[in-house]
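The structure appears below as structure tokens.
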Amino acid sequence: MSRLALAPPHTPAEPVIDVLHGATIADPYRWLEEQHSSRTRDWLGAQTRYAGKYFDSIRGREHIQERVRELLDVETYDSLRKIGERYFFRKRLPGQEQFCIYFRDGAGGGDQLLIDPETRRTGAYTAVKLLRVSGDGRLLLYEVKQGGERSGRFELFDVEARHVLPDTFSRGYLRGFAFAPDSQGFYYVFESDSASRPYYRAVYHHVLGTDFKDDREIFCAGEDQCLRLQIVPGGAHLGLVVFRFGEQVVSDFFLWAIGSGKPPEPIIRQAAYKFGPLLLDSGRLLAITDREAPNLKIVEVRRQTDGMAEFVDVVPETDAVIQDWAVAGSQVFASYLRNLKTEVDVFNLSGERLASLPVEPDSTVRLHAGGKDCDALLFEQESFTQPIEIYQYSPANGRVHRWASHRVPLDSKQFTQCQVWFCARDGTRIPMYLVGRHDVFEAGPHPCVMTSYGGYGVAMTPQFSVFVTSLLERGCLFALPNIRGGSEFGAKWHESAKRRKRQVAFDDFIAAAEWLIESRRTEPEKLAIFGGSNSGLLVGAAMTQRPELFRAVLCMVPMLDMLRYHLFDHAHVWKSEFGAADDVRDFTALLGYSPYHHVRPGTAYPAVMFVSGDSDQNCNALHTRKMTARLQAANVSPHPIVLDYETHRGHSPVLPLTTRIEALTKRIAFICDQLKLPA
């Protein structure tokens, strides 16, 4: 195991004192919130050199890197859409740094390159993302990003003429977009980074080839930072959804007859429930909602003469949450987790259940209709040991065929999995996936890595990970507990660890670690945890509450200062999930677990690797900068606390292949080094 002979760089503590609801809160590293100050940049340089010395000391990194390249550098497809007989998608060939955008004319046609980010000559960090295709398959909208930044540039491409149109959005956020029925223009909601009125939310109509200054305003939702306006594309109509973010998310829904000259008609007002609409070309309006249905249902929304909206069930609520849904070939597809097994039910538009889609039960399935009223369902499927495969299902004949797969050099038969149950702190029984080589399921203890999520109603289901696979191959056990905060067992599973009850998710995660140790599957010196984003908060809380349980922690792009998270970027929109320190009841709960505020001087902490970067505008990098400084100052164990920081890294997974390989190599090397796994 590698240990750094040098102490971490000294970080001056300059406490700022806040008084919140009568409580005195000290923030010793507030100055590190200033990302572009010369002091912060010097500090980042010192941290990068310090981390570099640690990574350079780990033997066998070249073997890890070689294996990561074998698993990552394969032909890969994603973002598949079907418009008529044309397929549009992204593909990355072996050796390419970034995905390119292609199309295929017919199922048996060849892949034709449309957009290659390398031709822009702006460097390997330039990535393109396919967003929309016009109904005639002639135009496509795509986003251009530099690294992991949240905002982007948006361009239109003429498929027939093979060139970019001059109708381009400068850098910002495209909140809504719909091509006009004749493909001669489009409707949009755009928040420019350089707007003089950044909170003005409106829908505009643009005619191709004209100046954006001449665009006609169709609808204005207001001017407020807490407003969001989105467009739901339709045939003869556009749907307009207005979200208001506050104590809870409230939405309005309007319907506008394209080209009518009339103002949009209000259909839903002040909806304090989820409402996700879909407009069919036939004029019918479907929506997924939790109105009188905590586990979600799919309804048809019908306008009444009195101006009220009638909700007619198409897919009624069941005992399982609808995880995903799509419409294709006049059929409605809804996916569920029942007893932690994936099921996809098929209904007609009248609500009659027709069949089940054939999918692997121990898998994750994502449904995609190619476009409005598409005649085929496209879906992705993956498992712990099988990378993503893309399938096409024809409702007309019930046939499924594999459209594309990622052929990685991996013998999946060397691994096995099982499901165990453990008791949480309050006695609730919680399931957990265990995955590993066959020999790892024999008598332990063994090195083990564990993760989960515990928020936003996100269910933890089997997914393929190069990071996890590399560790499995080296004899590591992988544990994935289905902690509360997800939706594995209905909406109540989410609600039981939401907002002021967030500690429940952390308690469940800690209980999973305790079970692994008590059952002799592993031991504290062999247990590592990892997570990113909300899962980064999870492992940060577990580490600060029970540092003696873990040997290593990989904490990526997290939120860690929960008293100030809502003050930066757009994080205030997550108030309904976490609460905010402005509210005294939220403050008490947040202070009770905020990892940054629970670092204790003189404590022996596990080895920690933080991962973040300048471009993260979801979970601002200030969290990792401040936490790294505070943990390094407090730690009395010999284990390293390092920060892997990258200027272009953000929340979007768009880094070039070479950078991704290097980043994954460091993370795997860190775990291998700390758990004494073979390189």
Side-chain angles (χ1 to χ4, degrees), residues 232 239 241 243 248-253 267-280 284-304 308-328 330-357 359 361 363-369 377 379 395 428-431 453-461 482-499 501 576-577:
V232 181
V241 188
F243 295 99
Q248 61 182 145
V249 181
V250 177
S251 60
D252 299 332
F253 179 74
I267 306 298
I268 306 289
R269 286 285 200 180
Q270 295 293 307
Y273 48 82
K274 293 179 181 177
F275 183 76
L278 175 68
L279 275 169
L280 305 183
R284 299 177 71 172
L285 171 61
L286 302 185
I288 189 167
T289 181
D290 64 354
R291 179 177 180 262
E292 301 176 352
N295 285 344
L296 301 175
K297 62 183 178 180
I298 299 168
V299 299
E300 181 176 358
V301 183
R302 298 175 180 171
R303 289 173 287 174
Q304 303 298 301
M308 299 293 287
E310 179 187 11
F311 284 33
V312 179
D313 287 2
V314 176
V315 178
E317 182 189 25
T318 71
D319 59 346
V321 171
I322 297 176
Q323 300 289 335
D324 200 1
W325 74 295
V327 176
S330 298
Q331 294 182 357
V332 181
F333 300 82
S335 70
Y336 304 87
L337 274 182
R338 292 193 174 100
N339 298 317
L340 293 180
K341 303 295 183 183
T342 299
E343 297 179 8
V344 180
D345 291 343
V346 186
F347 303 81
N348 62 24
L349 290 174
S350 299
E352 179 186 1
R353 187 181 179 279
L354 304 176
S356 293
L357 191 69
V359 297
S363 66
T364 294
V365 175
R366 285 175 286 273
L367 307 177
H368 306 283
L377 176 78
F379 66 95
T428 301
R429 294 185 73 242
I430 296 174
Y453 197 75
Y456 295 97
V458 175
M460 289 287 94
T461 55
N482 297 101
I483 65 176
R484 282 170 285 185
S487 60
E488 289 89 339
F489 298 101
K492 291 182 179 178
W493 203 249
H494 175 209
E495 291 293 332
S496 61
K498 185 180 178 183
R499 200 164 181 167
K501 296 175 282 188
S576 62
E577 181 71 23

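The figures here come from the full heavy-atom set of this structure, side chains too, leaving out hydrogens, waters and symmetry mates. Along the sequence shown, residues carry numbers from 1.
Here the side chains of Thr342 and Thr364 are not in contact, with every heavy-atom distance at 4.5 Å or above. Annotation: side chain of Glu317 is in contact with side chain of Pro294 (closest heavy-atom distance under 4.5 Å). Looking at heavy atoms from C-beta onward, Pro277 lies in side-chain contact with Leu285 at the 4.5 angstrom threshold. Looking at Trp325 and Ile298, their side chains come closer than 4.5 Å, going by heavy atoms from C-beta outward. Residues Trp493 and Thr428 meet the side-chain proximity criterion, which asks for heavy atoms closer than 4.5 Å. Between Arg303 and Ile267, some side-chain heavy-atom pair lies under the 4.5 Å cut-off. With a 4.5 Å cut-off on side-chain heavy atoms, Val312 and Val299 do not count as touching. In this structure, the side chains of Leu349 and Leu280 come closer than 4.5 Å at one or more pairs of heavy atoms.
One N or O on the side chain of Lys501 and one on the backbone of Glu495 form a donor-acceptor pair closer than 3.5 Å. Checking side-chain atoms of Asn295 against main-chain N and O of Gly490 turns up no donor-acceptor pair under 3.5 Å. Looking at Ser350, its side chain never comes within 3.5 Å of a backbone N or O of Glu352 through a donor-acceptor pair. In this structure a side-chain-to-backbone donor-acceptor pair under 3.5 Å is missing from Asn348 to Gln331. Ser576 places no side-chain N or O within 3.5 Å of a backbone atom of Val249 that could act as its donor or acceptor partner. In this structure, the side chain of Glu300 does not engage the main chain of Val314 through any donor-acceptor pair within 3.5 Å.
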For this session: Could you give me the CA-CA distance, side-chain angles and deciding distance for Val327 and Phe333, then say whether side-chain contact (heavy atoms from CB on, under 4.5 Å) is met?
Result: CA-CA 6 Å; Val327 176; Phe333 300 82; over 6 Å; no
Exercise. Can you check side-chain contact (heavy atoms from CB on, under 4.5 Å) on Leu377 and Val346, steps first, answer last?
Worked result: CA-CA 11 Å; Leu377 176 78; Val346 186; over 6 Å; no
Problem set entry | side-chain contact (heavy atoms from CB on, under 4.5 Å) assessment of His494 paired with Glu577 | CA-CA 10 Å; His494 175 209; Glu577 181 71 23; 3.1 Å; yes
Exercise. Which is it for Tyr453 and Ile483 under the side-chain contact (heavy atoms from CB on, under 4.5 Å) test, yes or no, and what are the steps along the way?
Worked result: CA-CA 8 Å; Tyr453 197 75; Ile483 65 176; over 6 Å; no
For this session: Could you walk me through whether Gln323 and Ser487 pass side-chain hydrogen bond (donor to acceptor under 3.5 Å, both in side chains), step by step?
Result: CA-CA 8 Å; Gln323 300 289 335; Ser487 60; 3.2 Å; yes
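Between Lys297 and Val315 the shortest heavy-atom distance is CB-O, 3.2 Å. Of all non-hydrogen atoms in Ala497 and Gly485, the two that sit nearest each other are CB-N, 3.6 Å.
When the shell of 6.0 Å around NZ of Lys492 is examined, it contains 12 or fewer heavy atoms from other residues, nucleotides or ligands.
Residue pairs meeting the side chain to side chain donor-acceptor pair (under 3.5 Å) criterion with at least one member in residues 285-294, sequence neighbours excluded, do not occur.
Put simply, CG on Leu337 and CG on Asn482 are 8.5 Å apart, with the number rounded to the nearest 0.5 Å. Interatomic distance, CG of Asp324 versus CG of Leu296, reported as 11.0 Å (0.5 Å rounding). Atoms CZ and CG, from Phe243 and Asp252 in turn, are 10.0 Å apart once rounded to the nearest 0.5 Å. Separating the CG atom in Leu367 from the CG atom in Leu357 is a distance of 7.5 Å, to the nearest 0.5 Å. Atoms CZ and CZ, on Phe253 and Arg269 in that order, are 12.5 Å from each other to the nearest 0.5 Å.
Ring geometry for Phe275 versus Tyr273: interplanar angle over 60°, hence perpendicular rather than tilted (30 to 60°).
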